[in-house]
Asker: 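Following this message is one structure expressed as structure tokens.
Both counts, for ligands and for their atoms, begin at 1 and track the order of listing. Along the sequence shown, residues carry numbers from 1.
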Amino acid sequence: MLKFPSMSPSTTAANLANVRTRISQAAARSKRPASDITLVAVTKTQPVEAILEVVAAGLHVLGENRVQEWDKKRDDLAPANFRCHLIGHLQSNKARRAATIFDRIDSLDSDSLAYRLEAGAVAEEKRLPVLIEVHLSDEPSKSGVPESDLDALADSVNACLHLDLQGLMTVPPLLDDVEKVRPYFRRLRELRDALRTRMKLALPVLSMGMSHDFEIAIEEGATEIRLGTALFGPRAKKP
Ligand SMILES: *Cc1c(COP(=O)(O)O)cnc(C)c1O
């Protein structure tokens, strides 16, 4: 595991500058402008002050893992200028609320969730952007559709008129040797490319890469990286 020094909130700006440099260098290696890559600030467990600091520093896309946590924090943030994506596992009984309070759902991984989100989007009279989360490793996980079921799920989502399928997301296994993560990122891009051809959809978004492996993800085509620790320092451990 990479260790990050403990950082006070005032070092967030310095962390952001460092991350931006590394994004530019990785983007150059993948022959793309750094502006092609969206940095999602993962604000789970972070207090409102820390969130306001990154928004003020120019990050306008946030990622949160839990519906209830975001529901509590969001009122204290309004009317700041940002969007928030749900990046954590979504339980079906929270789908209705998630459709209301999130700007995009990045962890859609089942037909039943798609139908519940569709009903929520209908009730909200909005078109809800979504990513399908794909589970690529053999490790057990509560999140993500297996590769073998991706085509069927993509067709179900595409049939939901109030869901806007924008691409794919994955969380690869956490490996000390980040080079070993590269094949997972490459595979997600291949799956996206194949879906794009088959479904004739743009599917512009590939959300992959976290604090310890985002440079590899960018080299493999990530259009969004999700960073928590690299911006804010280590999260407090759950009791
Ligand atoms: C927590 C989390 C992140 C950010 O992880 P860091 O290692 O702190 O950058 C990204 N994506 C998901 C789905 C997460 O749960």
Asker: Return the residue, atom name and 0.1 Å-rounded distance of the protein heavy atom closest to atom 5 (O) of ligand 1.
Answerer: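 Its nearest protein heavy-atom neighbour is M210 CE, 3.5 Å.
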
Asker: Do V178 and Y184 share a hydrophobic cluster, counting only Ile, Leu, Val, Met, Phe, Trp and Tyr and linking them when any side-chain heavy atoms are less than 4.5 Å apart?
Answerer: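 Yes, V178 and Y184 fall within the same hydrophobic cluster.
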
Asker: Report the C-alpha separation of R74 and D76 in whole Å, then their side-chain angles, then the decisive distance to 0.1 Å, and conclude whether the salt bridge (charged side-chain N to carboxylate O under 4.0 Å, His left out) test is met.
Answerer: CA-CA 5 Å; R74 62 195 282 270; D76 296 328; over 6 Å; no

Asker: Heavy-atom contacts with G228 under 4.0 Å: which atoms of ligand 1 show up? List them by number with element.
Answerer: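 Result: 4 (C), 6 (P), 8 (O), 9 (O).
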
Asker: Report yes if T229 has an N/O atom closer than 3.5 Å to an N/O atom of ligand 1; otherwise report no.
Answerer: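 The answer is yes, given that T229 and ligand 1 share an N or O pair closer than 3.5 Å.
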
Asker: Say whether L90 and L163 are linked into one hydrophobic cluster, either directly or through other cluster members, by side-chain heavy-atom distances under 4.5 angstrom.
Answerer: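 L90 clusters together with L163.
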
Asker: Can you report which non-hydrogen protein atom sits closest to atom 9 (O) of ligand 1, along with the distance?
Answerer: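 Checked against all protein heavy atoms, atom 9 (O) of ligand 1 sits closest to S211 OG, 2.5 Å.
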
Asker: State, to 0.1 Å, how close E69 and T45 come at their nearest heavy-atom pair, and which atoms those are.
Answerer: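 The answer is OE2-N, 2.7 Å.
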
Asker: Closest approach of N65 and K44, non-hydrogen atoms and distance?
Answerer: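 Heavy-atom minimum between the residues: OD1-CD, 3.1 Å.
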
Asker: What atoms in ligand 1 come closer than 4.0 Å to a heavy atom of L227?
Answerer: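 Once the distances to L227 are compared, the set is 9 (O).
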
Asker: Closer than 4.0 Å to some heavy atom of V171 - which atoms of ligand 1 meet that?
Answerer: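 The atoms of ligand 1 under 4.0 Å from a heavy atom of V171 are 13 (C).
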
Asker: Can you pull out the closest protein heavy atom to atom 11 (N) of ligand 1? Residue, atom name and distance to 0.1 Å, please.
Answerer: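 The closest one turns out to be R226 NE, 2.9 Å.
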
Asker: Quick one: look up the protein heavy atom nearest atom 1 (C) of ligand 1 and list residue, atom name and how far away it is.
Answerer: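 For atom 1 (C) of ligand 1, the nearest protein heavy atom is K44 NZ, 1.5 Å.
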
Asker: Please give me the minimum heavy-atom distance between A57 and L16, naming the atom from each residue.
Answerer: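 In terms of heavy atoms, the two residues are closest at CB-CD2, 3.6 Å.
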
Asker: Using a 3.5 Å distance criterion without hydrogens, assess whether the side chain of R235 forms a donor-acceptor pair with backbone atoms of Q46.
Answerer: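 No; judged by distance alone, with no hydrogens or angles, the pair does not exist.
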
Asker: With a 4.0 Å cut-off on heavy atoms, does H212 reach ligand 1?
Answerer: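 Under 4.0 Å: no for H212.
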
Asker: Which residue supplies the protein heavy atom nearest to atom 13 (C) of ligand 1, what is that atom called, and how far is it?
Answerer: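 The closest one turns out to be I87 O, 3.5 Å.
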
